[in-house]
Amino acid sequence: MIKIQIPATSANLGSGFDCLGVALNMYNYIWIEEDDTINISSKDDIKIPTDKTNLIYESAQRLYEECGKKLPGLSIIQENNIPMTRGLGSSSACIVGGLIGANRFLGSPLSRNDLVNLACKIEGHPDNTTPALLGGLVTSAMENGRVYSVSVPVAEHIRFGVFIPPFELKTETARGALPNEYSRENAVYNLSRSALMTAALFSGSLDNLRVAVQDSLHQPFRKKFIKGIDTVFRMSYELGSYGTYISGAGPSIIAIIDDTLEEQFQKYAIAHLEARGVEGWQFKALSTDEEGAKIVLE
Ligand code: HSE
């Protein structure tokens, strides 16, 4: 069996709807090998599909099809450290893991770029799958079904303070709440801020982040699904967040902080939420994963 490590990802970063994403140092692990049958299990208590509808299996099968091969079966063991349906890229991790495994079994016919394109086709948008594959802070654009992307490192002192709620939010539901049309004013508002976000995270210019996380395309319409969101935002700014945003489609919330604030957040964030009646949330301070998914054991 080979063992694959895939990072969590945070998409959008507020203003970069469907185009920005960052890989984080929280990982799912997959042990996988070709087999005559389908044999899927989990190392933890998390319930996963154990038949052909398993997303790792489906993604591996898709790669075989693209290469004109038939997948006989797979043995898969999952270790799921990325919380599911929380806006932290758990489904992208499955897609990317399945593709990397399948590609290796076929002798690596697809390049990393090919994998980026195929992963995006399966997921529907590139802002989680591309950073999961490339690592770092990734800007992606789609043109004629192809992903054009650049990964850059995030300034070393930046941390992502992740608030994970005790409830799930399906991406489908969160996307369903968005309008079909926006004004030019809204478009310019987000364009300018997402460009600022990339430059600010790359250069470590923290003072720009409060403006760079603002957006008018998705967060205002998704707030209603996230109970306690106003308290989490307010409290994160009180503790010193440079910019707070809904991670991906939500419901997790991320406060961008630096290494000097990490201890303060670890110590007080959850206690302050509970004192204000927002119960059951978890907090983790994460760094950027700069490498992306990889095979860690052959
Ligand atoms: N860009 C996507 C969204 C990320 O906001 O809907 C979630 O997969």
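Just so you know, ligand 1 is whichever comes first in the structure, and atom 1 is the first atom listed for that ligand.
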Ligand 1-proximal atoms of Thr171, by part, heavy-atom distance under 4.0 Å = side chain

Give the atoms of ligand 1, by number and element, whose distance to some non-hydrogen atom of Asp18 is under 4.0 Å.
-> 1 (N), 2 (C), 3 (C)

Ligand 1 to Asn12, heavy atom cutoff 4.0 Å, flagged ligand atoms 1 (N), 3 (C), 5 (O)

Note: Glu238-Arg276 ion pair, threshold 4.0 Å (strictly below) = yes

Just jot down the ligand 1 atoms closer than 4.0 angstrom to any heavy atom of Arg222, in number order.
-> 3 (C), 5 (O), 6 (O)

In ligand 1, the atoms that come under 4.0 Å of a heavy atom of Arg175 are 1 (N), 2 (C), 3 (C), 6 (O)

Closest heavy-atom approach to atom 4 (C) of ligand 1 among Ile246, Leu169, Asp127, Leu217 is made by Asp127

Find all atoms of ligand 1 within a distance of less than 4.0 Å from any non-hydrogen atom belonging to Phe17, and give their numbers and elements.
-> 3 (C), 5 (O), 6 (O)

Inspect the surroundings of CD in Glu279 and state if more than 12 heavy atoms from other residues, nucleotides or ligands are less than 6.0 Å away.
-> yes

Would you tell me whether Asp258 and Thr260 have side-chain atoms, one donor and one acceptor, within less than 3.5 Å of each other?
-> yes

Is the number of heavy atoms from other residues, nucleotides or ligands under 6.0 Å of Lys3 NZ greater than 12?
-> yes

Do Arg86 and Glu168 meet the salt-bridge criterion of a basic N to acidic O distance under 4.0 Å?
-> yes

Taking only heavy atoms of Asn128, which atoms of ligand 1 are found under 4.0 Å from at least one of them?
-> 4 (C), 7 (C), 8 (O)

For atom 8 (O) of ligand 1, what's the nearest protein heavy atom and its distance?
-> His125 CE1, 2.9 Å

Go through the side-chain N and O atoms of Ser149 and Thr130 and say whether any donor and acceptor fall under 3.5 Å apart.
-> no

Can Asp215 and Arg222 be counted as an ion pair, charged N to O under 4.0 angstrom?
-> no

